[in-house]
Amino acid sequence: MTEMRRVTAIRNGTVIDHIPSGYALQVIKMLRMDVKRSTPVSLVMNVPSDKIGRKDVLKIEDRELNQEELDRLALIAPEASIAIIRNHVVSGKMKVELSGELYNIASCSFSNCITKADREPLPQRMKIVNENPLEIRCYYCGKRQTLEELIENII
Ligand SMILES: [Zn+2]
């Protein structure tokens, strides 16, 4: 598990706010912080929120996430607001954007998909067919992917 410390403020790093309640661990997984365990992460869950009812908040120390990393979160935390902290001060704010395609974020769940063939590695591409309700399909084989499958198959 990622090291978690409940703290109120960080000196340098990234704060991800307005994560839907209960999804903070999936966010950690999507950012691959469950495998790269060197980054201290503080987790606050079930905080009351005017915007989304209840929310989770993550504070990631000594790392500034870039837009590409943040866009990975669009699937599970489209309302997330991000603050970059430098020397205890907010130095930048960012939003998560759900674009028309997920590029190299998760692999296809269909075992006979062409992306499973080893000879010529293809990038993993998922088309966002519809945002609400969410419908995501593999660019190659067209198989629909559930959110659970996508989280499970993060690369
Ligand atoms: Zn596929």
Side-chain angles (χ1 to χ4, degrees), residues 1-5 13-47 49 51-85 92-155:
M1 273 306 296
T2 309
E3 185 193 359
M4 288 178 212
R5 288 187 279 163
T14 306
V15 176
I16 305 176
D17 201 350
H18 297 107
I19 299 166
S21 187
Y23 280 90
L25 292 173
Q26 278 91 334
V27 168
I28 289 172
K29 191 173 179 200
M30 279 205 147
L31 294 172
R32 299 184 224 198
M33 285 177 180
D34 54 336
V35 282
K36 293 176 190 163
R37 293 165 50 176
S38 55
T39 308
V41 177
S42 306
L43 168 61
V44 186
M45 295 180 92
N46 300 324
V47 183
S49 160
K51 205 168 156 191
I52 57 171
R54 291 203 168 256
K55 65 178 183 178
D56 290 355
V57 182
L58 281 180
K59 299 176 185 187
I60 300 157
E61 286 181 55
D62 297 324
R63 241 194 96 190
E64 296 186 4
L65 297 179
N66 60 40
Q67 191 67 51
E68 191 192 335
E69 289 171 299
L70 293 170
D71 287 346
R72 300 171 67 87
L73 307 182
L75 287 174
I76 53 177
E79 301 282 308
S81 47
I82 292 92
I84 303 294
I85 311 292
K93 291 190 171 189
M94 291 193 277
K95 286 269 175 197
V96 170
E97 283 167 32
L98 187 64
S99 59
E101 185 176 279
L102 306 175
Y103 194 82
N104 275 340
I105 291 178
S107 61
C108 180
S109 61
F110 180 48
S111 56
N112 285 332
C113 181
I114 190 170
T115 57
K116 305 286 180 187
D118 293 332
R119 46 191 166 72
E120 201 131 337
L122 290 164
Q124 298 290 339
R125 295 171 67 180
M126 301 287 171
K127 272 191 301 188
I128 295 161
V129 179
N130 195 30
E131 282 187 39
N132 196 10
L134 195 62
E135 182 182 343
I136 296 172
R137 292 181 183 275
C138 176
Y139 173 83
Y140 303 98
C141 71
K143 183 181 183 296
R144 188 169 179 175
Q145 321 276 320
T146 65
L147 192 52
E148 290 70 29
E149 286 171 331
L150 288 164
I151 291 170
E152 187 66 29
N153 295 324
I154 290 168
I155 53 177

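We count residues from 1, following the sequence as given. Not measured: the values here are computed from a predicted model. Just so you know, ligand 1 is whichever comes first in the structure, and atom 1 is the first atom listed for that ligand.
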Indicate yes or no for a side-chain donor-acceptor contact from Asp56 to the backbone of Ala24 under 3.5 Å, with no hydrogens or angles considered. yes
Under 2.8 Å from the Zn ion (ligand 1), how many protein N/O/S atoms can be counted? 4
Taking atom types as modelled, is there a side-chain donor on Thr14 or Glu64 under 3.5 Å from an acceptor on the other? no
Would you call Lys143 and Glu149 a salt bridge, taking side-chain N to carboxylate O under 4.0 Å as the test? yes
Charged N to carboxylate O under 4.0 angstrom, Lys127 versus Glu101? no
Can you list the steps and then say if Lys59 with Glu61 is a salt bridge (charged side-chain N to carboxylate O under 4.0 Å, His left out)? CA-CA 6 Å; Lys59 299 176 185 187; Glu61 286 181 55; over 6 Å; no
Side chain of Ser49, backbone of Arg54: donor and acceptor closer than 3.5 Å? no
